[in-house]
Structure formats: structure tokens, C-alpha cells
Undergrad: 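Take this structure first; my questions come after.
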Amino acid sequence: MNADELLRDLTEPQLEAVTHAEGPLLLLAGAGSGKTRAITRRAAYLAATVTRPWNVLAITFTNKSANEMKERIVALGAGEDMTVCTFHSLCARSLRIHHESAGLPPNFTIVDQADRRQLIKKALERVQLAAENWRAAAETRISRAKNAMQSPAEMAEAAGYDDKTVARIYAAYEDILAENAGLDFDDLLFKLARLLQESEEVRCKLADRFRYILIDEYQDTNAAQYRIAHLIARDHQNIMVTGDPDQSIYSWRGADIGNILSFEHDYPNTKTVRLEQNYRSTKSILSAASALIDANVGRKKKTLWTENAEGMPVRVLTCDTGSLEAERVVTEIASLIAQGRRPSEFAIFYRTNAMSRALEEAFFVSGVCYRIARGTAFYARKEIKDILAYLRIMVNSADTVALERAINTPPRGIGKTTINKLKQFAEQQGCPLYAAVMRFGECGLSKRAENCIKSFAELLQTLQALADGSARDAIEQAVSRSGLMAQFTEQKDVNPEPLANANELVSAAEEFGRANPEATLLDWLTFASLLGDEDLSRGQSEAVSLMTLHAAKGLEFPCVYIVGLEEGLLPMVRGATDIDQEEEERRLFFVGMTRAMERLTVSHAVWRMVRGATLRATRSVFLDELPGDEVEWVDRSRNGADRNRREPQACVRDDLHLWAVGTLVRHPEYGIGQVMSMGRRAGRTHVNVRFEDGREQPWLLEFASDLERVDFDEIG
DNA sequence: GTCAGCCAAATTTTT
DNA sequence: TTTGGCTGAC
């Protein structure tokens, strides 16, 4: 596409943003205002006019949005050479290249959240504190410190006992990370920010390479990310940021809404463009959402408007209990589907994951397909981590977390006693655990244990010889030689997932190798450690989406339900001391509301079960902030009008004894599946079946006549 | 090495 | 209520 074509079909403000050439640009983009369109067009336009693609850097927060953005930019004809990536992967790559200046080993491994927890536990042991009392505090505060670019020493200068204690844990944790040659997610940002600050040479290199930078979702940046952006853009000032302060919902993770609010101040010649026309929602939805967000006081004024239809009013539903609320919502969705809507047009949002339970139960009864957008990432699965552990040892033998995981996975007779002896030896010698494994003869082990360790040591050596080859081969070898493959294959009838996931990992590596022929195993590991699972989601089946409000950001659905509008839930915190937090909760609700295109329903229950106890709930203040004339209140509580609620029918058929979790079934249309869970509710039995394509489908057993039980042998 | 049983903890979680 | 982690018995 040539430059003129890139400017086609743009609104006036979009055009302004796209064609702005030099200097800082702030794009304040309201929900649903075509922000991505503006940013991708601009990236392509820059590459076509004032600069070359490889001099442009576009940064996002998630892999998903990076991939989407890249795809769209490539489709606009701007070439593959533009760097479109997440903050974290930019950091990982840059630190890999400039590891020497950063004082890092070249083969550092990236430590994920679960590993991080283990390491913090070790740090607690090392400073001899009762783990239970400090674990949670240490986890959040160390992360916060790193995000704010604070070292352990700086933290120790703080006054309180708590700070000093956490600083000790932090220091121990840093030591352990260094011993493992590991960097956690926060380190990636922190270390690059510090490197850019301290090394003029590296800073100039990056600034020269990336002459134009674009940052999406700028309201979610933390102090380290702010520094990185600033240090790259300081000289050329070609920095464009987009975002919406009203959608800042991650302050609890260190995001600083102040970054976007003070952008014009930080970059004095900023041109500010506002995208205020909304293309997503009806007038009713938009004005309800606008009225709500207006209640935030320290807010940068912004007025969203739309040319869309008025639409139906936003509805507020009152129910007696959480489960009745769920039942109502699901019943309504079922009837709309019966009238011709597709399941994928619906989404239900809630504040906490625990709230999905009631909804799931209601879905069981209704038989409507649903899908929960959960956080269990592909790369966080046990079998995947087991494999990655071997690969990590291959590139970084100091990676003790990986070693401890791999040493007896699959079981090879190396028990706690043996491991402790090895650890003891390592400690005495001041060497990494890996060295102890290699010097198994000196650790005072029993003959039996020594043999086990010996073959493990040999395995590691064999694998390490492959470390310089392709990632694909490394994985294949690691999986088969470690015995993991045998384990997965053996259990495939009981649980086919590990085998499937292992194979998927191999194909992912193969694909990566094809796209990056030069890439080493280390490159692939860097890439894989930073990946979530959204890219690998299998089988886009028709289903209603269930997710937390946080997970909803960036998505849109024709029909949206937001449940649990109660004090203590949404907003979760409240009170004069916590104005900022309350405002963030309001933004969270705002984000949820603005996902809706046509129909928006919010609900609350009079009684809510919280941790086993049923408590009287107070309706959320947010509901009272919605404009009266745009909103229809529907009271379905006992004192309300709904006396004709359909009671569940009695159980027709009870085959519970014939069915069990894990039973294989065949469906004429969906193929072979497996019973994932079963339950009884209101005297009826329901089963939840997952099929080969990843689709999950609930059935009420008496209506599940299409399901046929099959035996393992039958499908080989 | 595995498993039942007990206790404690329970927002959100882009990487 | 549910879940995960840890402990102690086989």
C-alpha cells in the first residue's frame, strides 16, 4: 500500500495522528474509537514516508496484541522488518545482545512466576524467616520495588522494620537469582532500564536503531517501562503513545496512570490527538458508561460520542442469590440463542475467578456451550515445564530450579535424601547443584543412589552436546532421552493432554525455527519463556465467553453481562482512605461496560455466598451512578415481580454409576471426547465433556442421548 | 514414592 | 466452599 492509500477512510483526528511526523505524540483514545487502526496505519505510514521499517519500534503489553498488530502492519504492506513486540521481549533481546555491558551471563534463563515463588521461598529460608508470614508480602513488594527501579540497598534505607526485613529477603533473592543465572520478568525491565541509564553506548545504539517508537496501552506502563521508553526517545523525541487513562486497571501491578497523565509535561512539544468517536456501542451503553466514569474526580475530561443507534436501555438486574443471578443470566442467554443469536456473541464478566462457579453450574443445566478465559498458560503446564527444565539446563547449567525439577522427573529413583546430600555437598563446596551432580562420586551417596545420579549426569551431558543445534531437535532429544516421552505415552489413555502438548511444543519450536533459521536453542527458550497461551488456543468453537473484568480489556461482544455489582465485590475496596483504589474499580467496571456493542446487562444479588458463608450484600454504589433515564431496573428478587420462575424438572434418568470423570464418549458430530467433570444439582446429573478440538460441552445427562460411551481399546 | 488427611488461605495477574 | 501445600503413614 502506498502512503496515500494508508490515509484512506480515516477520520479527521485519526488522520492527524497518522500523519504527524516528528516529535512526541499523545493519542488519547477512548474505548472503541479505532485506536489500533490509527496506530497500525501510522506505523506503516512512517515506514513508507519518513523512515524505514527497521527503524520503527512498536511496543505492546501482550504477545497477542503484538502479533495482531504485526499482522495488520504487514497487511498494510510495511514489511516484516519492523520490530513489533512486548516490552518484555524487547528487554530480553536487548539484554541478550548487550549482556556484557549489563553485567549478565550470556545464557541467563528467564524465571517465570512459579519458579520465582520457589526462589523467594529459598530466600526466606536463607534469611531465616518464617516463610508463612512473609511470603506474600515479599512477593508483591519485591516486584513493586523492581518496577519502581529500587535496589535492595535502596529499599533498606527506608525507615520501617517491614521495609528493612523485605529488603533482606530481596537481597537474598537477588543473590539466588544470580547464582541461578536467572532473571525474573521484572528484572527484564529493570535491568534494561538501568543499562540504558548507565551505558551511554548502549542507549545510543538503541536510540539510533529505533528512531520512531510507538507504545500502546501507555496507561499501563510502570516506572521501569517509562524509563526505557524515555531513554530511547530522549534525543529524537519521536515517541508516540496511545492509551486511555479511563482504562487503567493495573496499578496493583505497578502501572502508573501518572505516566500518561503527565506525558505532555514530560515531553514539552507534545501534540495531543483525541479519538472520542466510538464505533462500538449504542448510545445507551455509551452514555451509561460515560456517566459512570464521570464520577472519577482526578480524571482527564474526555467525551465519548457515537453515531450508532440509541439501542435498548442498559438493564440492572436484581436477584435473590448469586446462583439465581447466574441462572437468570444463563437462561436469558439460552433463550436468545434459541432465537437465533450465536453463543460467541455473548460474554459474562465478573470481578473474581471464584464467581465463575455459579455460572458454570447454570450452564450445565442449560446445556449452552461456554468457555472460560483462564490464566493457565500453555507454558505453565506441568508437562511443558518438565520439558523446558531440561532445555534450560542444557543452555544454563547454573539453573538450579530447572535442575531440581528435572532430577527426578520422570521418577528415576532419586529421592529426597539423595537430593539433600547433593545440596549439602554443593553448599560445602560453594558450587552449583549441577557441579555436585557431575561429581556424584564425592557426595557420600549410597551405591544405589550413586548409580541413579550417574546415569542422570550422563543424560545431561549427552543432552548438552545438542545445545547448539536447532531447538526442535533439542526438544525431541530431551523429551525422548529423559524418559518423559515414555511417561506421556504410557499415560495417554488416562490423560492424553501431556503427549499432545509435548507434540505441540515440538511443532511450535519447528515453526519458530522456520521463521528464524539462525535461531539457537537459547533464542527459542527466550521466546518460549515469554509466551502466554493465547497464541496456541486450539479450536475456535462457538461458545459463550466467561472471564474476569481484567481479562475483558481490549475485547468486544454484542451482548455483555456483568455480574456481582455489590459492595465488597465491585468495588472490592471502598472507603475514604482508598479513593485511588475505588476509582480504579470504577474504571474496571467502565472497561467492562464499554465492551458491549448492543446489549448490556449488569446484575447484583441480595445474598451472596462468600467462602462458604451466605452474606447479605449491599448493592454497588456504581449502580447508583448510572443515569436514571438510560437504565432499566429489573427486580427479580423475592420482593420483585418474578413469581413465575421455571422450577427445574425432576431427574429422568440417573446413570451416575455408569459414568465417571475420565469416561470416553463419542458424539456423532463432535467426535471423541472425555468427561471432564460431573455433578448433581437440583436432582439432576450433568456431565462436562471436552472434545478433541478443545471444545467443552456440558450436558444434562437425561438429554445426553447423543453421547455414546466408548472403551479405550476401541479408539486404539 | 505415593496418597490420604489436615490446615490455612482465598482480588485482579498482560510478562 | 474450594484449593493448594505439607505431613506422616505405607
Side-chain angles (χ1 to χ4, degrees), chain A residues 59-68 85-92 110-118 121 131-133 135-136 139-140 143 146-147 183-190 192 216-217 219-222 224-225 247-255 322-323 349-358 360-361 373-377 379-380 408-419 452 526-535 547-555 564 568-573 581 584-585 587-589 591-592 608-615:
Chain A
I59 308 179
T60 63
F61 277 82
T62 68
N63 291 301
K64 191 172 162 215
S65 44
N67 293 337
E68 277 170 17
C85 64
T86 64
F87 263 109
H88 292 266
S89 80
L90 171 74
C91 294
I110 297 167
V111 166
D112 72 16
Q113 290 302 67
D115 297 336
R116 175 174 183 268
R117 176 164 281 198
Q118 294 302 313
K121 263 191 197 154
E132 276 327 296
N133 305 331
R135 207 207 71 240
E139 276 179 20
T140 55
S143 176
K146 288 188 178 184
N147 288 160
L183 294 189
D184 66 21
F185 288 146
D186 299 322
D187 277 334
L188 293 173
L189 304 172
F190 183 13
L192 183 65
D216 196 15
E217 305 283 14
Q219 77 280 354
D220 289 335
T221 49
N222 61 33
Q225 288 159 332
Q247 296 186 61
S248 161
I249 54 174
Y250 283 104
S251 78
W252 51 276
R253 291 191 91 230
S323 40
F349 306 147
Y350 34 79
R351 178 64 231 264
T352 69
N353 282 123
M355 296 170 72
S356 68
R357 178 165 310 282
E360 287 188 81
E361 283 177 4
R374 255 195 230 87
T376 336
Y379 287 89
N408 201 34
T409 320
R412 49 171 74 86
I414 302 174
K416 231 178 282 170
T417 329
T418 313
I419 294 174
C452 295
T526 306
F527 164 81
S529 312
L530 294 173
L531 254 189
D533 79 326
E534 67 276 332
D535 333 70
M547 66 189 83
T548 63
L549 283 158
H550 283 91
K553 195 170 82 164
L555 305 176
L569 213 46
L570 187 64
M572 187 151 262
V573 283
Q581 275 192 63
E584 181 149 319
E585 297 284 312
R587 291 194 292 268
L588 193 53
F589 185 29
V591 166
R608 171 81 52 187
M609 182 133 78
V610 187
R611 288 184 212 159
T614 302
L615 305 172

Undergrad: Take H550(A) and W252(A) through the test side chain to side chain contact (heavy atoms under 4.5 Å, CB included) and record every step on the way to the result.
TA: CA-CA 12 Å; H550(A) 283 91; W252(A) 51 276; 3.4 Å; yes
Undergrad: Just wondering, do W252(A) and dT12(B) stack (centres under 5.5 Å, planes under 30°)?
TA: yes
Undergrad: dT15(B) P sits how many Å from I59(A) CD1, rounded?
TA: 15 Å
Undergrad: At their closest point, which heavy atom of K146(A) faces which heavy atom of A224(A), and how far apart are they?
TA: O-CB, 4.4 Å
Undergrad: Return the value, rounded to whole Å, for the distance between atom CZ of R253(A) and atom P of dT15(B).
TA: 9 Å
Undergrad: Name the residue closer to the 5' end of DNA chain B, choosing between L588(A) and I414(A) according to the nucleotide with the nearest heavy atom.
TA: I414(A)
Undergrad: Without decimals, in angstroms, what is the distance between Q247(A) CD and dT12(B) P?
TA: 20 Å
Undergrad: From dG5(C), dT12(B), dT15(B), pick the nucleotide closest to the side chain of T352(A)?
TA: dT12(B)
Undergrad: Measure from the side chain of M572(A), starting at C-beta and using heavy atoms only, and say which of dT15(B), dT11(B), dT12(B) lies closest.
TA: dT11(B)
Undergrad: Do R611(A) and dT1(C) share a donor-acceptor pair, side chain to base, under 3.5 Å?
TA: no
Undergrad: Quick check on dT3(C): is either OP1 or OP2 less than 4.0 Å from any side-chain nitrogen or oxygen of R357(A)?
TA: yes
Undergrad: Measuring from the side chain of M609(A) (C-beta onward, heavy atoms only), which nucleotide among dT15(B), dT1(C), dT13(B) has the closest atom?
TA: dT1(C)
Undergrad: Can you tell me if T548(A) touches the phosphate of dT13(B), counting only side-chain N or O atoms and a distance under 4.0 Å to OP1 or OP2?
TA: yes
Undergrad: How are the rings of F185(A) and H88(A) set to each other: parallel, tilted or perpendicular (split at 30° and 60°)?
TA: perpendicular
Undergrad: In whole Å, what is the span from the OH atom of Y350(A) to the P atom of dT12(B)?
TA: 10 Å
Undergrad: Using whole Å, report how far CG of N63(A) lies from C1' of dT13(B).
TA: 15 Å
Undergrad: With heavy atoms under 4.0 Å as the rule, sort Y250(A) into base, sugar-phosphate or nothing.
TA: base
Undergrad: Over how many whole Å does the gap from D112(A) atom CG to dT14(B) atom C1' extend?
TA: 15 Å
Undergrad: Considering only NZ, NE, NH1 and NH2 on the basic side and carboxylate oxygens on the acidic side, decide whether R587(A) and E584(A) come within less than 4.0 Å.
TA: yes
Undergrad: Quick one: is dT15(B) close enough that its OP1 or OP2 comes under 4.0 Å of any side-chain N or O from K146(A)?
TA: no
Undergrad: If you look at every heavy atom in G254(A) and N222(A), which pair is closest and at what distance?
TA: O-CB, 3.1 Å
Undergrad: For a quick check of understanding: with a heavy-atom distance under 4.0 Å over all strands, which category does Q113(A) fall into, base, sugar-phosphate or nothing?
TA: base
Undergrad: Whole angstroms only, please: what is the CG-P distance between N408(A) and dG1(B)?
TA: 6 Å
Undergrad: Rounding to the closest angstrom, what is the interatomic distance between dG5(C) and dT12(B) at atom C1'?
TA: 23 Å
Undergrad: Heavy atoms from C-beta onward define the side chain here; which of dT14(B), dT15(B), dT12(B) lies closest to that of H88(A)?
TA: dT15(B)
Undergrad: Contact between T60(A) and E68(A) at the side-chain level, heavy atoms closer than 4.5 Å - yes or no?
TA: no
Undergrad: Measuring to OP1 and OP2 of dT2(C), would you say a side-chain N or O of N353(A) lies under 4.0 angstrom away?
TA: no
Undergrad: Rounded off to whole Å, could you give me the CG-to-C1' distance for the D216(A) and dT14(B) pair?
TA: 12 Å
Undergrad: Using atom C1' of each nucleotide, how far apart are dT11(B) and dC6(C) to the nearest Å?
TA: 25 Å
Undergrad: Return the nearest nucleotide to the side chain of R351(A); candidates are dT12(B), dT14(B), dG5(C).
TA: dT12(B)
